[in-house]
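In what follows, a single structure is set out as structure tokens and then discussed.
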Amino acid sequence: LTGCAFISLIYLFRFSYKIGDSVNVELFDRINVSARFIFEISRRSSLIAAVYISFCITGIYFSTLPIGAYTIGYSIFSGAVIVIAYLLPMIPVRRSISQKKNLLLDKFEQLLQQEFEYSISNSTLNKSNYDITKFKTLNEMHDKVTKITTLPIGFKTLWNSLYIILITL
């Protein structure tokens with residue numbers, strides 16, 4: 001049964017990689033239908049893995065096997081499987097968001113450099129003060145884009161899955 005569960009997870013990961021590259025996710029609006037589908041698959045696979053693993057751990061505790069290093073090792077491995085089941089389907093979406101973020105940051109940095117060079121040349125030629133509002137605005141927008149997270153996850157489902165495992169310990 002464990003082998004079937006792992007094979008199912010492997011197929012899920014392959015499927016999510018294939019469709020993840022075609023998902024169109026925007027930096028400021030990540031709630032479109034295809035992205036929501038990836039997030040929901042990720043959430044449900046993590047919860048299903050958590051329930052299955054909690055049944056396995058509970059079965060081990062009620063068996064005649066001594067509780068020792070193997071049980072603790074399996075529990076740690078199970079927690080890793082839950083985290084992987086949640087995060088792995090989101091890697092293509094994260095890669096897309098990261099690429100878009102980097103392109104936008106490059107554009108802002110070019111605009112900031114151009115504005116800086118213009119301000120220096122304008123102030124030396126005209127010997128007047130330069131209005132820096134455009135530079136400040138560009139810098140603020142650059143900072144907002146820098147603060148955007150590239151991993152579009154909510155950890156609530158992941159923590160709930162790990163709590164199921166911890167309860168069985």
Side-chain angles (χ1 to χ4, degrees), residues 6 8-51 53 75-167 169:
F6 282 120
S8 298
L9 283 174
I10 289 170
Y11 278 110
L12 172 70
F13 299 151
R14 289 179 62 203
F15 170 73
S16 65
Y17 260 77
K18 287 180 182 177
I19 66 168
D21 290 332
S22 62
V23 173
N24 186 17
V25 180
E26 298 299 325
L27 284 177
F28 296 103
D29 182 26
R30 299 181 189 179
I31 310 295
N32 59 23
V33 175
S34 56
R36 206 172 324 142
F37 177 71
I38 294 283
F39 302 152
E40 191 65 23
I41 283 177
S42 180
R43 186 181 69 80
R44 288 184 185 200
S45 67
S46 177
L47 285 175
I48 290 170
V51 169
I53 290 170
S75 299
I76 293 170
F77 170 73
S78 301
V81 167
I82 292 170
V83 171
I84 289 170
Y86 192 69
L87 294 178
L88 203 59
M90 291 192 201
I91 288 175
V93 175
R94 182 196 180 277
R95 185 175 47 231
S96 173
I97 291 171
S98 181
Q99 287 173 349
K100 289 180 181 184
K101 179 180 174 180
N102 289 337
L103 286 173
L104 193 58
L105 285 174
D106 287 343
K107 288 179 184 178
F108 274 122
E109 288 166 2
Q110 288 174 358
L111 289 172
L112 281 167
Q113 184 65 33
Q114 289 173 358
E115 191 65 26
F116 180 72
E117 290 171 359
Y118 174 75
S119 68
I120 289 178
S121 66
N122 191 24
S123 65
T124 56
L125 291 177
N126 297 339
K127 303 221 187 253
S128 64
N129 292 337
Y130 172 72
D131 185 21
I132 62 169
T133 56
K134 185 175 179 184
F135 186 79
K136 284 183 179 180
T137 305
L138 284 171
N139 200 18
E140 288 172 1
M141 291 172 66
H142 181 271
D143 290 341
K144 284 182 182 179
V145 172
T146 303
K147 292 178 184 176
I148 293 174
T149 59
T150 57
L151 196 56
I153 62 172
F155 282 105
K156 184 178 180 182
T157 303
L158 184 62
W159 286 118
N160 290 341
S161 300
L162 291 176
Y163 285 143
I164 292 172
I165 294 298
L166 292 175
I167 288 171
L169 294 176

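The first residue in the sequence is number 1, and the count goes up from there.
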Atom pair NZ (K107) and CE (M141), whose distance is rounded to the nearest 0.5 Å: 11.5 Å
Check L104, L105, L103 against K101 for a side-chain contact (heavy atoms from CB on, under 4.5 Å) and give me the one that passes. L105
Return yes if a side-chain donor-acceptor contact under 3.5 Å exists between E117 and Q113, otherwise no. yes
For side-chain contact (heavy atoms from CB on, under 4.5 Å), just list the numbers for D106 and E109, CA-CA rounded to whole Å, side-chain angles, deciding distance to a tenth of an Å, and then say yes or no. CA-CA 5 Å; D106 287 343; E109 288 166 2; 3.8 Å; yes
Could you grab the distance from atom CG of D143 to atom CD1 of I148, nearest 0.5 Å is fine? 11.5 Å
